[in-house]
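Values in this document were obtained by computation on a predicted structure and should not be read as measured data. One-based numbering, in listed order, for ligands and for the atoms of each.
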Amino acid sequence: MRIKILFVCLGNICRSPLAEAIFKKKVAGKGLQEKILIDSAGTSDFHIGEQPDHRSKKNAIENNLEMDHLARQILKEDLDEFDYVLAMDRKNYENILSLSSAKAHQEKVLLMRGFTFDAFDTGSTDLDVPDPYYGGEEGFQNVYRILNDSCDDLLNFLIKRHPDIL
Ligand code: 4NP
């Protein structure tokens, strides 16, 4: 069995390609790259076909990540194809849900930070991965830190839920 994971943000040039790169590295680190397929997409059509934002690329290089994704827009068919669709924030979560009213589709859509309680540890109940697009480079480092933690939690969740992949 192959588990298929789709990370989704708005533009598919900042957060979700970084999540894809981080998660691919963690999955490969456990030797699970044949068991878990990983992709990313955006809810908007703003940047279709584009490489990740230069600040995301810089962040990826600094954190030793390989990033070779080109932006694409999520399609309704992705809700058939993928097993887990991880939304970076609530706005994108709602927009993904609006693609289909089928229960089987809706159940696949989860919040990226929904697996971690670190947001609560820091006294915040905000489960969004903040949109770094209009900020500076420090925003991308903050996004990296959040994604790095939540990717660990996601991988632990998947291994617990699908112990047969080990
Ligand atoms: P992302 O960031 O959703 O993390 O890829 C953004 C990229 C582009 C825009 C907004 C957010 N934009 O408005 O073009």
- prompt: Is it true that E66 and K24 have a side-chain N and a carboxylate O under 4.0 angstrom from each other?
  reply: no
task: Only one of H105, K108, Q106 passes side-chain hydrogen bond (donor to acceptor under 3.5 Å, both in side chains) with S100; say which it is.
output: H105
- line: Counting only non-hydrogen atoms and a 4.0 Å cut-off, the residues near ligand 1 are C9, L10, G11, N12, I13, C14, R15, F46, H47, D131, Y133, Y134
Residues D89, K91: salt bridge by 4.0 Å N-O rule: no
- line: Contacts satisfying salt bridge (charged side-chain N to carboxylate O under 4.0 Å, His left out) that involve residues 31-48 (not counting sequence neighbours) are D39-R72
field: Residue pairs involving residues 4-26 (criterion ring-ring contact (aromatic ring centres under 6.0 Å, His included); sequence neighbours excluded)
entry: F7-F23
For residues 154-166, tabulate all N or O donor-acceptor pairs below 3.5 Å that involve a side-chain atom, not counting sequence neighbours.
unit_1: N156; atom_1: ND2; unit_2: D152; atom_2: O; d: 3.4
unit_1: H162; atom_1: NE2; unit_2: Y84; atom_2: OH; d: 2.7

